[in-house]
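Here the structure comes first, spelled out in structure tokens, and everything after it is commentary.
Here is the naming used below: chain letters follow the sequence lines, and residue numbers restart at 1 for every chain. Worth saying up front: this structure is predicted, and the values here are computed from it rather than measured.
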Amino acid sequence: DTEVTQTPKHLVMGMTNKKSLKCEQHMGHRAMYWYKQKAKKPPELMFVYSYEKLSINESVPSRFSPECPNSSLLNLHLHALQPEDSALYLCASSQDRGGYNSPLHFGNGTRLTVT
Amino acid sequence: QKEVEQNSGPLSVPEGAIASLNCTYSDRGSQSFFWYRQYSGKSPELIMFIYSNGDKEDGRFTAQLNKASQYVSLLIRDSQPSDSATYLCAVANNDMRFGAGTRLTVKP
């Protein structure tokens, strides 16, 4: 079991659909992250929120839109995705961003398939 | 040059042997170093972290850090078939960057 909860576990969507991925943590962590992981590749950083403010956007296409409603919640809104966006999307949190309090705690991920 | 480099493997060791996993990094400002284990289809789970030069032991796992050489390693003693997984080295300055991972197979 993980202390970072992601929903849904699996998602199949068409290229014209709009969907959202959700992530929740109750560890009091102040930094939350979205990573994308393709098969047999390492996780790639997409977005970082620190104290509910977007700190970094790794040049991710605008069809991915993050949202941090509060310190415990993180959403990723998806619109007009492409088949190559199919991947495992991982949410993670850490006590602080960077430095010595940065071990990431990952959720179980959402397996996204774009048809 | 990749920020974090690992030998992709696969690395195969017999049960009970020591598995040695290596990682180099390019950013000399990196402060924190982590090893994650990832089973197929699952999310990464933290095994160990190390901040200072030297060795850090936790059960069967030992992490080693040499900042001068920009080198991190993970030793797994008494390897078990359940240790078979991909091991990701991660390095953090402001944000965490992952290596490509080394796939380890422990054969009974």
Taking atom CZ of A:R30 as the centre, does the number of heavy atoms from other residues, nucleotides or ligands within less than 6.0 Å exceed 12?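 It does: A:R30 CZ has more than 12 such atoms within range.
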Within the supplied structure, the quantity of interest is the number of heavy atoms (other residues, nucleotides, ligands) at a distance under 6.0 Å from A:K40 NZ; does it exceed 12?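 It does not: A:K40 NZ has 12 such atoms or fewer within range.
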B:Y36 side chain vs A:L104 backbone, donor-acceptor pair below 3.5 Å: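 Indeed, once roles are kept as given, a pair shorter than 3.5 Å links the two residues.
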B:Q38 versus chain A, heavy atoms under 4.5 Å apart: side chain, backbone, both or neither?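 For B:Q38, side-chain heavy atoms alone lie under 4.5 Å from chain A.
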Against chain A, label B:R97 side chain, backbone, both or neither, depending on which of its atoms sit under 4.5 Å from a heavy atom there.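 Just its side chain gets close to chain A.
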Find the one option among B:A90, B:G101, B:P44 whose heavy-atom pairs under 4.5 Å with chain A are most numerous.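 Looking at each of B:A90, B:G101, B:P44 in turn, B:P44 comes out on top.
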Is [Y] reachable from [X] through a run of I, L, V, M, F, W or Y residues, each pair having side-chain heavy atoms under 4.5 Å apart?
| X | Y | value |
| --- | --- | --- |
| A:Y89 | A:F106 | no |
| B:Y25 | B:Y87 | yes |
| A:M15 | A:V60 | yes |
| B:F98 | A:M46 | no |
| A:M32 | A:V48 | no |

If you look at every heavy atom in [X] and [Y], which pair is closest and at what distance?
| X | Y | answer |
| --- | --- | --- |
| B:K42 | A:L88 | O-CD2, 4.3 Å |
| A:P103 | B:F49 | CG-CD2, 4.4 Å |
| A:P42 | B:G99 | CB-O, 2.9 Å |

Can you tell me how far the CG atom of A:L45 sits from the CE atom of B:M96, to the nearest 0.5 Å?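 So the gap between those two atoms works out to 10.0 Å.
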At a heavy-atom distance under 4.5 Å, which candidate from A:K41, A:Q37, A:R111, A:Q6 has the highest pair count against chain B?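 Option with the greatest count: A:Q37.
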